[in-house]
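Structure first, then comments.
Computed from a prediction, not measured in an experiment: that's the story for all the values here. Residue numbers run from 1 in the order of the sequence given. Indexing begins at 1, ligand by ligand and atom by atom, following the structure's order.
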Amino acid sequence: MTINNDWMQRDLAVLWHPCTQMKDHENLPIIPVKSGQGIYLEDFAGKRYLDAISSWWVNIFGHANPRINARIKAQVDELEHVIMAGFTHQPIIELAEQLVAITPQGLDRCFFADNGSSCIEIALKMSFHYWLNKGQSRKKRFITLTNSYHGETVAAMSVGDVALFTETYKALLFDAIKVTSPDCYLREEGISEEQHSLKVFTEMEQVLAKHHHEVAAVIVEPLVQCAGGMRMYHPIYLQKLRSACDYYNVQLIFDEIAVGFGRTGTMFACEQAAITPDYLCLSKALTGGYLPMSVCLTSNTIYQAFYDDYQTLKAFLHSHSYTGNPLASAAALATLSIFKEDHVIDNNKKLINCLAKAAAPLKEHPHVGEVRQTGMVLAVEMVADKATKKPFAWQERRGLQVFKYALSKGVLLRPIGNVVYFMPPYIITPEQIAYIIQVASEGIELATHSAASFINNASLANFKDPA
Ligand SMILES: *Cc1c(COP(=O)(O)O)cnc(C)c1O
């Protein structure tokens, strides 16, 4: 038995993997990763995989980054963890100061947690609780967009709308108000993205007018609905939303867990709309993809609504055991200093252009409905019919064929249904961009020409180790 196979068998005997039908692995190998270096992951047979999706959108400066490694190593000898209630420490203070400094004006307070979904729960609870503390107990509902994704815990699912993740648990979820997403893929021929986003906004305006007295907040993923298939919209929608929320006295939650830290081309997506949300949720790339950490930033005004004598019971009594972990803080501080020292946002402009140019020919493919891009996210929508944008049936699992083909060529892509996307680390080179797009194009060619069951794929032979 080869070493890869050995680990695979041991894994399958005891593990239950996230977001996976485990039966798929009767035919689809699990890749045991031995090490990571820069943009590459390496398995136990020495095969390398170019990580074109930043290991689920978290790893922005490569694996085993020397600067992040050094900072964590130094921190571990100083303080690995300490309770954050009643205690504090240097890295978390410096991190909070820096986050307040680099986020838009008006976000002055950092509440930390240890993953994205928990961060969403915090924003939702804080918003509800804010209104309660203000004597407005009727404001307890949330407005969300169709096709939204905010995480997997029960409240986060309640404000989500990707059926694959939420439908099964419907009976457990609270009733959020769903408003049509400004998703520009669905715009009519000849309509600009700005016009489409404005047109769709009228529904939001109407819903706010009707429900504002019972609504605590609107929650959105600004500019890109990532898990919903990298669907994109124009910043004008966010501007309109900010004004309407102010007018109707409703709070605004931005979930930038996926799009924060340069992914959309600016450090934060909200900068492109030149507005400040009431809550900004960050996680994923915050620690450069090293350690779990999330943060909900909010204003001093909101903070003050909780600030009172203990007996008033206005305090936000929410906590997670690993809140503000010093090792994660060290990784985040190293990540932020790389942004600054290396002028990452500026330098990414070249990569963004490079991605656009390399992917442009895919627009002509007879089974590509759209090639869309917002900054360092580029997505290719495979369709059954180019003219009508009729999708391939999800049961055909075309994306999975692209996944398998790319693996055989040493590229980690993980399409979402029919959407093949690139979300590479910012250390990717133009040559590597050319390669991942070439491999994806070949994979798309293959996947759109045969609906063959994913089990029946010769390229799979490529990543079985020679015995
Ligand atoms: C990943 C993600 C979350 C959830 O974060 P977890 O750390 O996986 O719980 C929430 N919102 C968005 C937009 C995400 O992409």
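- Cation-pi geometry between Lys139 and Phe128 is not met: the NZ or CZ atom fails to fall both under 6.0 Å from the ring centre and inside 45° of the normal.
- Relative ring orientation between His81 and Tyr322 is described as tilted, the plane-to-plane angle lying within the 30° to 60° band.
- Using modelled atom types and a 3.5 Å distance limit, the side chains of Asp246 and Ser243 yield no donor-acceptor pair.
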Identify all side-chain donor-acceptor contacts of residues 331-339 below 3.5 Å with residues at least two apart in sequence or on another chain.
residue: Thr335; atom: OG1; partner: Gly288; partner atom: N; Å: 3.2
residue: Thr335; atom: OG1; partner: Ala331; partner atom: O; Å: 2.8
residue: Ser337; atom: OG; partner: Leu333; partner atom: O; Å: 3.3
residue: Ser337; atom: OG; partner: Ala334; partner atom: O; Å: 3.0

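- Across all their heavy atoms, Asn59 and Pro425 have their closest contact at O-CB, 3.4 Å.
- Within 4.0 Å of ligand 1, contacts by protein heavy atoms are made from Trp57, Asn115, Gly116, Ser117, Tyr149, His150, Gly151, Glu221, Asp255, Ile257, Ala258, Lys284.
- Relative to the ring axis of Tyr185, Arg372 places its NZ or CZ within 45° and under 6.0 Å from the centre.
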